[in-house]
Amino acid sequence: MEFHFLSLIRSDESWLAANSMEIAALVLQLFGMLLAAFFVVRQIKLTKAEDIKLRIFDDFVDAHRKATAALSDASWCPKKFEMELFTYVKAVNFGVKPDLPKARVKDFMELNWKAADAAIRVITLIEGSQCVEPRFILFQKAIGAALEDIRDSFLELSSSFTKTLPIDLVTNVGVKTIPTARLDDNLLEFLKPKIQDYYDKCDILMCWLADLNVELQNVFMRPLFKKKARHRQPKDQKYRVMSFEKYEACNTFLENDTKWGREKKKYEG
């Protein structure tokens, strides 16, 4: 019995020795298949991650485009009112009796609310993308601070428009348009700085949205194209750049030197 067992071992050893090359090739082939499977699975995961990142980028691009367009419409609305009022006043000064301007405060309000909603949509996307780039929170703060300033300017300007622009009254016989104030040069001088302030506040937010667009390209697209998008270089520091490169300085400014930041400290303190 012992002799039979030893003979089996010797025969197995002989078989292994005779087939060692084939066994080694099989092991290498199996290892290669496992390695290939590993890389395939890894590539699938990377592809899915890249697809998710590209979808997030597409969402940002769409929201950025809509917010910029809405802000442009809102900021130019009072400017158009100003030009319309200027034309009306000049005509009156020359002795002409033109129709009342078509500028209405409700139109301005609707455009402002639409712009605010579009900007808040961008904030929502930022809040959902912290795991991609935590520093996006800088632009959540920047947009919030800009919206706070726009709101204050809007409230003052819309209040002035309500007291000065013509209004439409619905009566039993139709709509009757009546003036609420004397439309003259004094009124134009009264409205002009308020209109400019609102325009500037909207412009600042559009600049910061442009800065966000640069950082979005650098986070999502730079790994693909190996090129870096560059920030604007404003001469007026009122339009300061928000960037990851100056994250600490920008964050300090937003936290300490804006109404939003000061109010935030009051609630948190």
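Fair warning: this is a prediction, and the values are worked out from it, not measured in the lab. For the numbers below, each heavy atom of this structure counts, side chains included, while hydrogens, waters and symmetry mates do not. Starting from 1, each residue takes its place in the sequence as its number.
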Side-chain donor-acceptor distances from residues 125-132 under 3.5 Å, at least two apart:
from	atom 1	to	atom 2	distance (Å)
Glu127	OE2	Gln140	NE2	3.2
Ser129	OG	Leu125	O	2.8
Gln130	NE2	Ile126	O	3.0

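Between Val92 and Pro98 there is a side-chain heavy-atom pair separated by less than 4.5 Å. Within the 4.5 Å cutoff, the side chain of Arg182 has no heavy atoms near those of the Leu187 side chain. Using a 4.5 Å heavy-atom threshold, the side chains of Arg230 and Val214 count as separate. Between Thr258 and Glu148 there is no side-chain heavy-atom pair separated by less than 4.5 Å.
Taking the six-membered ring where the residue is Trp, Trp76 and Tyr199 present perpendicular rings, their angle passing 60° and hence far from 30°. In this structure, Phe220 and Phe60 have tilted ring planes: the angle between them lies in the 30° to 60° band.
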Could you walk me through whether Phe108 and Trp113 pass the side chain to side chain contact (heavy atoms under 4.5 Å, CB included) test, one step at a time?
CA-CA 9 Å; Phe108 171 52; Trp113 293 332; over 6 Å; no

Intermediate values then yes/no, side chain to side chain contact (heavy atoms under 4.5 Å, CB included), Met242 and Leu254
CA-CA 10 Å; Met242 292 289 151; Leu254 294 171; 3.9 Å; yes

Chi angles and distances behind the side chain to side chain contact (heavy atoms under 4.5 Å, CB included) call for Val122, Phe139:
CA-CA 9 Å; Val122 179; Phe139 289 95; over 6 Å; no

Stepwise side chain to side chain contact (heavy atoms under 4.5 Å, CB included) check, Leu169 with Val175
CA-CA 5 Å; Leu169 295 179; Val175 178; over 6 Å; no

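For the residue pair Ala103 and Phe81, the shortest heavy atom distance occurs at CB-CD1, 3.3 Å. Shortest non-hydrogen contact noted between Ile150 and Leu71 is CD1-CD2, 4.2 Å. Minimum interatomic distance between Arg104 and Pro166 (heavy atoms only, all atoms of both residues): CD-O, 3.4 Å. Closest non-hydrogen pair, Leu183 versus Leu85, comes out as CD2-CD2, 4.1 Å.
For the residue pair Gln196 / Lys79, a side-chain donor-acceptor distance below 3.5 Å is found, with atom types taken as modelled. Donor-acceptor pairing under 3.5 Å is lacking for the side chains of Tyr88 and Asp99. Checked by atom type, the side-chain pair His231/Glu245 shows no donor-acceptor distance below 3.5 Å. With hydrogens and angles left out, the side-chain atoms of Asn93 and Asp184 include no donor and acceptor closer than 3.5 Å.
Of the possible donor and acceptor atoms, none in the side chain of Glu215 sits under 3.5 Å from a partner among the backbone N and O of Ser243. No donor-acceptor pair under 3.5 Å is formed between the side chain of Ser72 and the backbone N or O of Thr68.
Qualifying side-chain hydrogen bond (donor to acceptor under 3.5 Å, both in side chains) partners for Lys194, counting only residues two or more places apart in sequence or in other chains: Glu156.
Aromatic rings from Trp208 and Tyr239 are positioned such that their centres are separated by 6.0 Å or more. Ring-centre distance between Phe154 and Phe161: not below the 6.0 Å cut-off.
Between Asp149 and Lys259 there is no salt bridge, since none of the side-chain N atoms of the basic residue sits less than 4.0 Å from a carboxylate O of the acidic one. Electrostatic pairing of Asp59 and Arg55 does not count as a salt bridge here, judged by no charged N lying under 4.0 Å from a carboxylate O.
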